[in-house]
Amino acid sequence: MGESNKEEQNKSRVMEFILLGFPGSSHFQLTIFIIFLNMYILTILGNFSIILLIVTNRRLHTPMYFFLCNLSFLEIWYTTASIPKILAVFLGRSRSISFTGCILQMYFVFSFGCTEHFLIAIMAYDRYVAICFPLHYSTIMDIHLSSKLAGGCWLGGFLAMCIPTYLLTTLSFCGPNVINNFYCNIDSWIVLSCTDTHFLEITAFFIAIFVIVGSCVTTLLSYVYIILTILRIPSKKGRQKAFSTCSSHLAVVIIWYGSTIFLFVKPSKQTSLERTKVVSIFNLIVVPLLNPFIYTLRNKEVREVIRKVLHR
């Protein structure tokens with residue numbers, strides 16, 4: 001009985017974790033901190049500007065820009081769920097994070113990530129309807145359907161992470177509490193746990209297949225039909241106009257899915273921490289930073305609205 005109680009105490013004694021971040025000198029850590037802080041500020045300002053631009057210009061009150069507004073709002077919270085703590089880690093002020101704080105950070109980061117996958121797939125479907133069925137677009141993709149689709153993306157993203165999050169709370173940690181990363185993710189918890197994580201790994205793998213691969217297939221199929229339709233347009237000017245309406249979204253799709261499939265669609269998490277740390281940075285901060293600039297620079301309609309605003 002005494003040995004059993006001692007074992008239970010050992011398994012439950014880890015109440016906080018230490019985020020390792022990137023090893024290096026204090027000068028290196030400060031440099032990384034400054035780079036990340038500037039990128040975070042630009043991400044917030046860029047995505048907030050897109051939201052403000054869409055809300056204040058009636059010309060952009062269409063389903064395409066409604067979804068883009070949702071995406072920008074999502075990117076603000078996606079980065080905010082992780083970057084402030086990451087900045088504290090790089091600054092060396094607070095590398096520790098409580099058990100509850102780690103769970104919450106992981107849940108929100110991954111829930112926002114799942115929501116973004118669903119939202120990008122819906123945006124691809126929106127472009128499919130707009131280009132392949134232009135005469136029926138306004139009746140098919142009205143504001144009511146757009147609102148339901150966007151709401152479904154948010155609801156689905158947060159529900160998808162409920163089961164893995166619950167399974168994480170059942171794990172025991174009786175050894176090292178150092179997370180070899182700069183934020184809490186499922187891989188790190190699995191590596192540190194002293195209990196069997198096989199069921200959690202399988203569950204996380206199939207959720208990744210459903211969310212990432214499922215939305216990716218939907219997106220790619222939409223773009224296959226889009227490209228085939230564009231190629232059948234007789235005039236060169238018509239083809240260029242059609243492609244310009246979806247090229248910015250396609251660029252976001254390639255960047256986002258390339259990084260997330262590399263990070264999360266794999267059956268085992270045990271040997272991937274060092275290899276995926278840099279890709280995690282790309283996924284958490286670089287992609288949300290690039291999105292508003294990609295949509296601004298590659299979208300002719302947005303550029304024209306910006307020129308009018310600046311002219312005023």
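In this chain, numbering begins with 1 at the start of the sequence shown. Keep in mind the model is a prediction, meaning the values are calculated, not measured.
Residue Leu228 shares its hydrophobic cluster (ILVMFWY side chains chained together at separations under 4.5 Å) with Val224.
Of all the heavy atoms in Gly101 and Ser98, the pair that sits closest is N-OG, 2.9 Å. Closest approach of Ile186 and Met161 over heavy atoms only: CD1-CE, 4.0 Å. Scanning both residues, Cys69 and Ile54, for their nearest heavy atoms gives N-CD1, 3.8 Å. Here the shortest heavy-atom pairing between Ser72 and Ile51 reads CB-CG1, 3.7 Å. Of all the heavy atoms in Leu30 and Leu91, the pair that sits closest is CD1-CD1, 4.3 Å. Leu200 and Pro164 get closest at one heavy-atom pair: CD1-O, 3.9 Å.
Taken to the nearest 0.5 Å, the OG atom of Ser222 stands 12.5 Å off from the CD1 atom of Ile120. Considering CZ of Phe112 and CD of Glu75, their distance stands at 10.5 Å, rounded to 0.5 Å. Summarising the geometry, atom OH belonging to Tyr223 is positioned 9.0 Å from atom CD1 belonging to Ile230; distances are rounded to the nearest 0.5 Å. To the nearest 0.5 Å, atoms OH (Tyr225) and SG (Cys132) are separated by 9.0 Å. In this structure, CD1 on Ile179 lies 11.0 Å from OG on Ser96, to the nearest 0.5 angstrom. Here Leu60 contributes atom CG and Arg58 contributes atom CZ; the two are 11.5 Å apart, rounded to the nearest 0.5 Å.
In this structure, Leu45 is a member of the same hydrophobic cluster as Ile83, with clusters built from ILVMFWY side-chain heavy atoms closer than 4.5 Å. Phe133 and Leu149 fall within a single hydrophobic cluster, where Ile, Leu, Val, Met, Phe, Trp and Tyr are joined by side-chain heavy atoms under 4.5 Å apart, directly or via other members. Placement of Leu74 and Leu159 in two distinct hydrophobic clusters is found when ILVMFWY residues are connected by side-chain heavy-atom separations under 4.5 Å, directly or transitively. Hydrophobic clustering of Ile, Leu, Val, Met, Phe, Trp and Tyr side chains at less than 4.5 Å, counting indirect connections, unites Leu119 with Phe48. Hydrophobic cluster membership is shared by Tyr166 and Ile163, with clusters built from Ile, Leu, Val, Met, Phe, Trp and Tyr side chains linked at under 4.5 angstrom.
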Item checked: Stepwise side chain to side chain contact (heavy atoms under 4.5 Å, CB included) check, Leu284 with Ile86 -> CA-CA 10 Å; Leu284 285 172; Ile86 293 174; 4.1 Å; yes
Checklist line | Test side chain to side chain contact (heavy atoms under 4.5 Å, CB included) applied to Thr165 and Phe110, step by step | finding: CA-CA 10 Å; Thr165 303; Phe110 279 71; over 6 Å; no
Checklist line | Test log, rule side chain to side chain contact (heavy atoms under 4.5 Å, CB included), inputs Asn185 and Val109 | finding: CA-CA 9 Å; Asn185 63 9; Val109 168; over 6 Å; no
Checklist line | Full working for side chain to side chain contact (heavy atoms under 4.5 Å, CB included) between Cys162 and Tyr107 | finding: CA-CA 8 Å; Cys162 287; Tyr107 175 73; 4.0 Å; yes
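Between Phe17 and Trp189, a ring centre-to-centre spacing shorter than 6.0 Å is recorded. Here the two rings, on Phe108 and Tyr78, have centers that are 6.0 Å apart or farther.
Between Phe73 and Trp77, the two ring planes are perpendicular [angle over 60°; tilted spans 30° to 60°].
Although no hydrogens or angles enter the test, the distance criterion places no donor-acceptor pair under 3.5 Å between the side chain of Asn57 and the main chain of Arg59. Judged purely by atom type and a 3.5 angstrom limit, Ser188 has no side-chain atom pairing as donor or acceptor with the backbone of Cys184. Checked by atom type and distance alone, the side chain of Asp126 never pairs as donor or acceptor with a backbone atom of Met141 at under 3.5 Å.
When the options Val178, Ile97, Asn180, Asn181 are evaluated for a side chain to side chain contact (heavy atoms under 4.5 Å, CB included) with Leu19, the one that passes is Ile97.
Residues His27 and Thr31 form a side-chain contact, since some pair of their non-hydrogen atoms from C-beta on lies under 4.5 Å apart. Between Leu167 and Phe199, the closest side-chain pair of non-hydrogen atoms falls below 4.5 Å.
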With a 3.5 Å cut-off and sequence neighbours excluded, list the donor-acceptor pairs that the side chains of residues 32-44 form with protein atoms.
{"unit_1": "Asn38", "atom_1": "ND2", "unit_2": "Ile34", "atom_2": "O", "d": "3.2"}
{"unit_1": "Tyr40", "atom_1": "OH", "unit_2": "Thr80", "atom_2": "OG1", "d": "3.0"}
{"unit_1": "Thr43", "atom_1": "OG1", "unit_2": "Met39", "atom_2": "O", "d": "2.7"}

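When only modelled atom types and interatomic distance are considered, Ser193 and Thr195 share a side-chain donor-acceptor pair under 3.5 Å.
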